[in-house]
Participant: 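Take a look at the following structure, please.
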Amino acid sequence: MAHQRRPLRDEPSTVDIVSSDVVYHGRVWDIRKDAFRYNGDTIVREYTDHTGAVAILALDEHDRVLLINQYRHPVGARLWEIPAGLLDEHGEPPLDAAKRELAEEADVEADDWATLAEFYTSPGGSDEAIRVYLARGLHRIPERFDRTGEEADIEVRWVSLDEVVDAVRDRRLQNPSLVTGVLSAYVERERGWSGLAPADAAWPRVRARGHSA
């Protein structure tokens, strides 16, 4: 009998955790140290204990993407990104967080929302999971948020989806939420947006960490 291949999908897996301790409490997130048993050995790993985050691919009626440009200190560069933010408000559903971030960072609201993509940013060293939403039916709102720190000089630009895809392919844009979002949107547009999921689709990766999906 031919071997039946497993479906091509990531699979949750549990291990025997011997110990789990926060070894560094940060202002935004912590560093956790776990010891667990795997394949007969006890393995120790340290990783960023992250809240999770949402990002928004806002697309207008002319197929233009809303981009923001801001300084990112860890990489010492101003990056073009899509609006995004942490799931750091206790009990706030991810979709509500996405709506809040779009308004706070770009003074924009959307009538239509869908789930476009999800990914882990760096699963070898962080448990951060990001959901990218597709937002359409856009309209501007009066500026009503005070932006401080790196957000104080955010630049907003509307750029055609095709132009952003070309910039990603040319390695001129590096932000992972932008890269994942625009390439996913490009593929979805070519396929008639048939792969979108509801905006309130279950998100087990985040629900397991105490958030409501």
Side-chain angles (χ1 to χ4, degrees), residues 10-57 67-106 115-133 145-155 171 173-181 202-213:
D10 297 335
E11 300 173 351
S13 181
T14 58
V15 295
D16 179 15
I17 298 178
V18 178
S19 63
S20 182
D21 302 290
V22 174
V23 295
Y24 174 76
H25 287 283
R27 190 180 67 84
V28 179
W29 45 69
D30 301 330
I31 301 297
R32 182 171 291 277
K33 180 179 181 180
D34 286 356
F36 59 95
R37 295 190 177 94
Y38 192 75
N39 286 339
D41 295 322
T42 298
I43 300 172
V44 176
R45 292 289 182 267
E46 295 173 343
Y47 59 94
T48 303
D49 190 2
H50 202 282
T51 62
V54 292
I56 306 96
L57 192 292
L67 300 182
I68 62 174
N69 183 266
Q70 64 177 326
Y71 175 68
R72 292 300 190 183
H73 185 70
V75 294
R78 291 188 63 91
L79 301 182
W80 285 103
E81 307 177 353
I82 57 178
L86 300 174
L87 294 173
D88 57 357
E89 296 287 340
H90 180 72
E92 183 181 41
L95 179 57
D96 288 353
K99 293 178 179 180
R100 174 175 55 80
E101 291 293 345
L102 182 60
E104 288 181 358
E105 294 190 348
T115 296
L116 178 63
E118 293 170 5
F119 66 99
Y120 292 118
T121 56
S122 183
S126 172
D127 64 359
E128 180 183 18
I130 294 183
R131 170 173 280 186
V132 183
Y133 290 93
F145 297 100
D146 293 327
R147 300 183 179 101
T148 60
E150 294 94 335
E151 296 182 350
D153 60 352
I154 279 180
E155 178 185 352
R171 302 177 304 282
L173 301 180
Q174 301 282 319
N175 177 270
S177 295
L178 179 148
V179 170
T180 301
W203 194 8
R205 297 171 180 85
V206 167
R207 180 179 293 133
R209 295 177 52 74
H211 296 279
S212 301

Participant: Is any side-chain heavy atom of Gln70 closer than 4.5 Å to one of Leu79?
Facilitator: no
Participant: What's the shortest heavy-atom distance between Tyr133 and Pro94, and which atoms?
Facilitator: OH-CB, 3.3 Å
Participant: Do Phe36 and Arg45 come within less than 4.5 Å of each other through their side chains, counting heavy atoms only?
Facilitator: yes
Participant: Could you tell me which non-hydrogen atom of His50 sits nearest to which non-hydrogen atom of Ser126, and how far apart they are?
Facilitator: CB-OG, 4.2 Å
Participant: Does the side chain of Arg32 reach to within under 4.5 Å of the side chain of Asp21, using non-hydrogen atoms?
Facilitator: no
Participant: Could you tell me the separation between the OG1 atom of Thr48 and the CG atom of Asp30, rounded to the nearest 0.5 Å?
Facilitator: 9.5 Å
Participant: Roughly how far, to the nearest 0.5 Å, is CD of Glu105 from CD1 of Ile56?
Facilitator: 7.0 Å
Participant: Can you check whether Phe119 reaches Val132 side chain to side chain, under 4.5 Å on heavy atoms?
Facilitator: yes
Participant: Salt bridge or not between Glu155 and Arg78? Use side-chain N to carboxylate O under 4.0 Å.
Facilitator: no
Participant: Nearest 0.5 Å please: distance from the CG atom of Leu87 over to the CD atom of Glu92.
Facilitator: 7.5 Å
Participant: Among Val179, Thr180, Leu67, find the residue that satisfies the side chain to side chain contact (heavy atoms under 4.5 Å, CB included) test when tested with Ile82.
Facilitator: Leu67
Participant: Does the pair Thr51 and Asp88 meet the rule for a side-chain hydrogen bond (donor to acceptor under 3.5 Å, both in side chains), with working shown?
Facilitator: CA-CA 6 Å; Thr51 62; Asp88 57 357; over 6 Å; no
Participant: If I take atom CD1 from residue Ile17 and atom OH from residue Tyr38, how far apart are they, to the nearest 0.5 angstrom?
Facilitator: 13.5 Å
Participant: For Val44 and Ala35, work out which heavy atoms get closest and say how close.
Facilitator: CG2-CB, 4.1 Å
Participant: Determine the minimum heavy-atom distance between Ile68 and Pro83, stating which atoms define it.
Facilitator: CD1-CA, 4.0 Å
Participant: With the side chain counted from C-beta on, respond yes when Arg72 and Glu81 share a heavy-atom pair under 4.5 Å apart, and no when they do not.
Facilitator: yes
Participant: A side-chain contact here means heavy atoms from C-beta on lying under 4.5 Å apart; do Leu86 and Val28 qualify?
Facilitator: yes
Participant: Work out which heavy atom in Ala202 is nearest to a heavy atom in Glu118; give both atom names and the distance.
Facilitator: O-OE2, 4.5 Å
Participant: For the residue pair Ile154 and Asn69, establish whether any side-chain heavy-atom pair is separated by less than 4.5 Å.
Facilitator: no
Participant: Is there a side-chain contact between Asp127 and Trp29 (heavy atoms, below 4.5 Å)?
Facilitator: no
Participant: Is a side-chain donor-acceptor pair under 3.5 Å present for Tyr47 with Asp34?
Facilitator: yes
